[in-house]
There are 2 protein chains.
Amino acid sequence: MKQDTSGNRPTPTLEMVAALAGVSRATVSRVVNDVPSVDEDIAAKVRQAILAVNYTPNRAARSLASRRPNSVTLIVPESMSKVFADPFFASVVQGVALYLADTDYTLNMVIASEAKPEKTRAFLLGGNVAGALVVSHHAGDRSWTHLSDYIPMVFAGRPLGESASYYVDVDNEAAAAGATRLLISNGRTNIATIAGPQDMPPGIDRISGWRLAMAEAGLDDSLVEYGDFTLASGAKAMRRLLGSGKPIDGLFVANDQMAAGAYTVLQERGLRIPQDVAVVGFDDDSFATSVNPQLTTVHHPIIEMGKKMAEILVDLIEGKDTARVTQIPTSLVIRESA
Amino acid sequence: MKQDTSGNRPTPTLEMVAALAGVSRATVSRVVNDVPSVDEDIAAKVRQAILAVNYTPNRAARSLASRRPNSVTLIVPESMSKVFADPFFASVVQGVALYLADTDYTLNMVIASEAKPEKTRAFLLGGNVAGALVVSHHAGDRSWTHLSDYIPMVFAGRPLGESASYYVDVDNEAAAAGATRLLISNGRTNIATIAGPQDMPPGIDRISGWRLAMAEAGLDDSLVEYGDFTLASGAKAMRRLLGSGKPIDGLFVANDQMAAGAYTVLQERGLRIPQDVAVVGFDDDSFATSVNPQLTTVHHPIIEMGKKMAEILVDLIEGKDTARVTQIPTSLVIRESA
DNA sequence: TTGTAGGCGTTATCAC
DNA sequence: GTGATAACGCCTACAA
């Protein structure tokens with residue numbers, strides 16, 4: 001870091017800009033905040049001065065004077081961050097950050113220690129934060145919902161059970177049904193599914209979508225096995241499915257990672273994808289394309305989710321009323337497996 | 001959010017605590033900041049009052065009055081965040097957040113748009129941030145180094161070429177050499193490597209470590225192919241390696257993901273791991289354990305890296321002098337592949 | 001449309 | 001050891 005020896009000017013303040021432009025601080029403040037009622041000539045002069053001294057508003061002073069925090073917090077439950085390398089997390093953050101970049105809000109992150117939740121609570125309720133976003137996979141991490149009573153909060157994903165909180169999610173059920181219909185329209189009739197955990201909304205909704213589509217088509221929906229969204233569990237479930245002895249020519253898997261697991265056992269049994277069994281996954285993550293043949297799957301727009309979450313939070317903060325649940329559209333990515 | 005109707009108390013201030021405790025604001029401030037010269041009886045009374053009104057210091061006011069920012073920024077280059085699902089990123093963030101949780105600093109994140117870098121620059125130099133952390137894979141993203149002249153900065157990973165900046169990294173070369181030595185001590189003599197891109201420090205250092213160990217043992221180091229750290233590139237490199245016709249009984253791969261790629265072709269050729277060819281990877285990420293047989297690899301302590309980065313940054317901010325480069329130790333995780 | 005002035009919640013410098 | 005009292009940099013009635 002540069003030595004603080006001699007020639008260091010102080011960071012420019014409103015005052016300095018005002019002096020240089022020959023106006024009052026109030027006026028400079030107005031142009032900085034885009035208040036319309038400023039004479040354009042003066043505004044121009046002020047802007048010039050701002051550039052000249054390289055002025056940047058002091059966020060702390062701003063927040064203090066305006067009596068409103070200018071940052072929003074992203075809460076990451078500790079349990080989640082323990083999952084080494086979570087793709088979901090990184091993408092949501094990215095979306096959130098992208099959206100906030102165009103606002104005056106700053107994004108800060110806390111990982112919520114389950115050991116001392118009061119700390120996080122105090123941080124959020126201390127008046128230092130305008131709103132909060134909660135990203136987690138597990139329904140148990142909904143322990144923050146009650147804070148919605150005091151500060152705007154938006155969650156990622158539908159909560160388990162009823163809840164009055166705001167959240168954004170994809171329509172897992174509809175997307176799963178769509179994926180299944182693809183299999184059906186391809187002429188498959190013995191369609192199995194590898195479902196996710198039934199204590200997580202995505203697990204529940206995705207199998208429910210599969211059932212929906214199967215019922216529509218009058219097909220048998222008894223071919224189901226469960227996994228926990230991991231690759232290994234997908235392989236095991238596939239083994240059980242095959243072990244039943246019943247014919248299978250189509251497979252809907254609740255996420256791509258389990259689909260990759262299913263691939264391995266399908267292929268070790270000599271079953272060809274998609275000729276013998278067509279498979280479609282869910283999420284469109286890195287597993288979908290790293291597998292061979294590449295997986296046809298439901299695209300889960302995580303970055304968009306992040307953006308939307310941020311957008312809704314800002315709306316909430318600024319008092320606009322918005323819908324409690326917002327679903328963002330998915331799409332089917334047709335590749336080689338179905 | 002709760003309606004702002006009637007019964008809403010204002011957020012408690014120092015003033016209110018002072019009144020309740022029957023002391024001056026100055027005294028309350030002292031106990032809040034752990035200034036030693038406070039009578040213990042009075043301090044106790046103040047603490048009680050703090051609890052009573054549920055007081056939380058206003059960070060903006062604090063920052064303003066103390067003339068020092070209380071947040072540090074994590075910069076994520078846009079190019080990096082585009083990599084869908086980056087495990088490295090999530091873990092570094094986690095480490096950073098964990099460390100900062102015990103300090104008075106708040107962590108905020110910006111994704112640096114390459115379109116308008118001035119924006120990020122202004123944010124960092126505007127005096128609103130005490131220091132910054134840069135996490136990226138690519139050497140090109142070192143465009144922030146020059147800011148080190150104005151504000152404390154710490155980077156993740158050794159920069160390409162010389163640089164006067166602070167960074168924390170693992171000793172890639174030593175670790176790679178260690179991994180290779182394991183192969184050698186297991187009696188392998190025809191050891192190939194799948195190296196990473198040679199324009200990235202980890203790519204460079206890891207192959208260099210392999211060469212080191214091979215030279216030590218007097219082994220031939222001509223069996224090398226390059227990948228770009230992706231699974232697919234690992235598979236391709238393996239194909240080329242095998243295509244050379246030379247015998248191979250050991251393989252060091254510059255990261256686990258490429259190792260997973262190599263697995264697929266090794267196995268489709270009927271080569272057994274580790275019997276026919278023993279393989280060791282690098283990173284110890286999720287690929288290492290999702291592959292069969294599980295991969296022996298170098299454990300890359302990413303979370304620790306994050307913690308260390310934050311620690312160094314805080315030291316820098318507080319004026320302590322610290323070493324410019326700090327390397328954190330790796331370890332070899334012996335599983336089934338070597 | 002512009003300027004004046006008070007205040008936001010803390011810290012920090014003084015006296016006491 | 002404790003308490004006034006100025007800042008800190010900015011916003012915002014209110015007045016002009």
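Please read these numbers as outputs of a predicted model, since none were measured by experiment. The sequence lines fix the lettering, A, B, ..., with proteins before strands; numbering per chain opens at 1.
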Pairs involving residues 26-53 of chain B, ordered by first then second residue, that meet salt bridge (charged side-chain N to carboxylate O under 4.0 Å, His left out) (sequence neighbours left out): E40(B)-R47(B)
Can you check whether [X] reaches [Y] side chain to side chain, under 4.5 Å on heavy atoms?
X	Y	result
N128(B)	S71(B)	no
R121(A)	L124(A)	no
F123(B)	R59(A)	yes

Are T27(A) and dG3(C) close enough that a side-chain N or O sits under 4.0 Å from OP1 or OP2? yes
Sequence-distant partners of T73(A), side chain to side chain donor-acceptor pair (under 3.5 Å), two or more places apart: N108(A)
Applying side chain to side chain contact (heavy atoms under 4.5 Å, CB included), can you list everything that pairs with A21(B), at least two apart in sequence or on another chain?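 Once residues adjacent in sequence are excluded, the partners of A21(B) under the side chain to side chain contact (heavy atoms under 4.5 Å, CB included) criterion are V23(B), V46(B), A49(B).
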Treating primed atoms plus P, OP1 and OP2 as sugar-phosphate and everything else as base, which nucleotides of nucleotides 6-16 of chain D get B, S or - for protein heavy atoms under 4.0 Å? B-BBBBBB---
Residue-level proximity of residues 36-50 of chain A to DNA chain D when a heavy atom falls under 4.0 Å: none
Would you be so kind as to tabulate the donor-acceptor pairs closer than 3.5 Å made by side chains of residues 303-319 of chain B, with sequence neighbours excluded?
none

What is the minimum heavy-atom distance between Y166(A) and M153(A), and which atoms define it?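 Reported closest heavy-atom pair: CB-O, 3.7 Å.
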